[in-house]
Protein chains: 2
Amino acid sequence: MLHAAALTYFREVARARSIRRAAASLNVAASALNRQILKLEADFGTPLFDRLPGGMRLTTAGELLLRHVSETLHDFDRIRAEIDDLKLARSGHVSIAAVDSLLVDFLPRAIDRFRADFPAVNYTVTAVGPTDVVQMVAAGEVDFGFTFVSGTPASVRFLAEVPAPIGAVMRADHPLASRLVVSLEEASSYPLLTQTGPLPRASEVDPAFAAFKDALTPRLMSNSIQMLKLAIMLNMGVAFFTRLGFLSEIEAGTVAWRPMASPGINKLRLGLLAPSARAMSPPAEQLARRLADGLSRLGNEGAGYMSGSF
Amino acid sequence: MLHAAALTYFREVARARSIRRAAASLNVAASALNRQILKLEADFGTPLFDRLPGGMRLTTAGELLLRHVSETLHDFDRIRAEIDDLKLARSGHVSIAAVDSLLVDFLPRAIDRFRADFPAVNYTVTAVGPTDVVQMVAAGEVDFGFTFVSGTPASVRFLAEVPAPIGAVMRADHPLASRLVVSLEEASSYPLLTQTGPLPRASEVDPAFAAFKDALTPRLMSNSIQMLKLAIMLNMGVAFFTRLGFLSEIEAGTVAWRPMASPGINKLRLGLLAPSARAMSPPAEQLARRLADGLSRLGNEGAGYMSGSF
DNA sequence: GGTGCGCGTTCTCATTTCGGCAACGAGCGA
DNA sequence: TCGCTCGTTGCCGAAATGAGAACGCGCACC
């Protein structure tokens, strides 16, 4: 309905190489078709078809136009399908499992932006350990998950990934913040704040980092990121997290994040995890797509900035 | 006129972010615009704009649609310009200068196919030596030229190029035709047919080939390709030409063309040469474009076949 | 707290466009 | 010559479109 009927008329006449045959397959009168074709040719000022006894054949100009018309109609079908997806996604429910460092900042902000376009969607967000995320996605208990990339069963797949190295997190006026990269030795001379409970696989990935943490006694240990975050703000010491848990504080300039000079730790990646077989619900599909876009944009900016644009 | 007015209406409303402003700049009534927008939203079953006090803003679905509409209208402008070019090119005159080996087969066949779409175009085709082609194009004596690629003045440019190595040409049942590649030694044991007059730059490009030709006494020398072609058909010996002069005979299976095992000779290229500054006449423009397409297609097929399709 | 302004929207009416039907002339094959 | 199919045209009713005036609403200014 967006596009003039003349488009499909023209395309069908070109395909059928006959006005009357096209009229039959379109269920319209041949005269109507003919008039549209004649009007097009008058508009362009040049014939679009050669009239042969027994039918019509496209001229060169007609072939040019047919290409345009076909592309337009095809592209329109695609757009309409996308809009239909959006319609279905306007209300519903999405359940997500993620490692808790993402629930502090990244995921709530993403969901909030998503809410603007999909106001009637409800959410269930569960914080679990990295390996549990994979299990819950595989079991279909959640629509998708958000965790560190590692070997995964065939029943799940990664929609997007982004490098998420562990780095040193501290108040912006902490002495270590003046370093662009923090070595393990430098960090060991300051009080540390460490998280307990299910950990990202940093220790498996980077033996040097694991040994470093084992050798020291932290000033504060907690399984609550909020607790640790407050300790950082009180300048109690240095913690080790992915940047994504502190994007807004980093943006505001209140805390600093610095990469670590330890090889394996910089290979860590966060990924958006979905069941490989089952189709997601429409709103979950949309949110997952937008998160995937945002992630890959984060990735393209290297270890760059967080633009609030997704 | 091809496309529904709704397209430009929608685009302008999105641009102006207001129905009334869009109506003013389109010189239509706001009520008409409004009805089209409402109809679109009814068709899609979803709002395309958010109604804010003070104007309208696209929804997510609206942004999707705007992208489609913009692309469609932009592409349509392009197509219409191309069709206008075709209209202008329907009659007129085209003058071409080319090395004569192309006038035997390649160029006449190309012009014949072109005639089907541009029946009222007249042609002047001049056979000259390779370097004269460049001079005539530079001097503006012809619309474009067709010759071997070499260093050219800035006043001309190549629209397309295709590898055109010199090879051995002989009757299909000639003993040499059983070889896939012909070495200079093999060729020297058979009677040779050579062309006199302005030659392609084979001798400059490939000293080995030049020495080879100088060392032997050909059975037949002529400046007429027709003469040489007849000699080939009478199995008088082996000649050395680009494939393009014998495309139809090769296709028909009456003569064979085999590449030479000599390095420099396989680097020869044929090119379509046009004045760099002056615009060509519309029909010349069209023919040149089609020849360029055909040439690059020939090139993409490697040393492949001649499909009669351009 | 009016009041004016700009916004999208709705209603009515004249105009234009579109599609269906029947008929015509041309080309082609039996 | 007849019969068939082709594109095309005239005529008529139906549907879509646009112009203009009016309505309800939110907002800023006095």
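Below, read A as the first sequence line, B as the second, and so on, with proteins coming before strands; counting in each chain starts at 1. The structure presented is a predicted model; accordingly, all values stated were derived computationally and were not measured.
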* For Glu12(A) and Ser25(A), what are the C-alpha separation, side-chain angles and deciding distance, and is it a side chain to side chain donor-acceptor pair (under 3.5 Å)? -> CA-CA 8 Å; Glu12(A) 185 60 20; Ser25(A) 79; 2.8 Å; yes
* To do: Scan side-chain atoms only and decide if Thr124(A) and His93(A) contain a donor-acceptor pair under the 3.5 Å cut-off.
  =>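 Yes - a donor-acceptor pair under 3.5 Å links their side chains.
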* Side chains of Asp50(A) and Thr59(A): do they bring a donor and an acceptor to under 3.5 Å? ->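 On atom types as modelled, these side chains do not qualify, holding no pair under 3.5 Å.
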Table of protein N/O atoms under 3.5 Å from nucleotides 28-30 of chain D N/O atoms:
none

Between [atom1] on residue [X] and [atom2] on residue [Y], distance to nearest 0.5 Å:
| X | Y | atom1 | atom2 | result |
| --- | --- | --- | --- | --- |
| Tyr9(A) | Leu33(A) | OH | CG | 6.0 Å |
| Leu244(B) | Ile250(B) | CG | CD1 | 8.5 Å |
| Phe246(B) | Asp105(B) | CZ | CG | 9.0 Å |

* Structure fact -> Under a 4.0 Å heavy-atom criterion, the protein footprint on nucleotides 7-20 of chain D, written with B, S and -, is BBBBB-----BBBB
* To do: Would you kindly check if the NZ (Lys) or CZ (Arg) of Lys87(B) is within the cone defined by 45 degrees around the ring axis of Phe44(A) and under 6.0 Å from the six-membered ring centre?
  =>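 No, Lys87(B) and Phe44(A) do not form such a contact.
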* **Rounded distance in Å - CD (Glu12(A)) to C1' (dG19(C))** =>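 The distance from CD of Glu12(A) to C1' of dG19(C) comes to 17 Å, rounded to the nearest Å.
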* Measure up the His68(B) and Phe76(A) rings against each other and bin them: parallel (under 30°), tilted (30 to 60°), perpendicular (over 60°). =>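 Rings of His68(B) and Phe76(A): tilted, as their planes differ by 30° to 60°.
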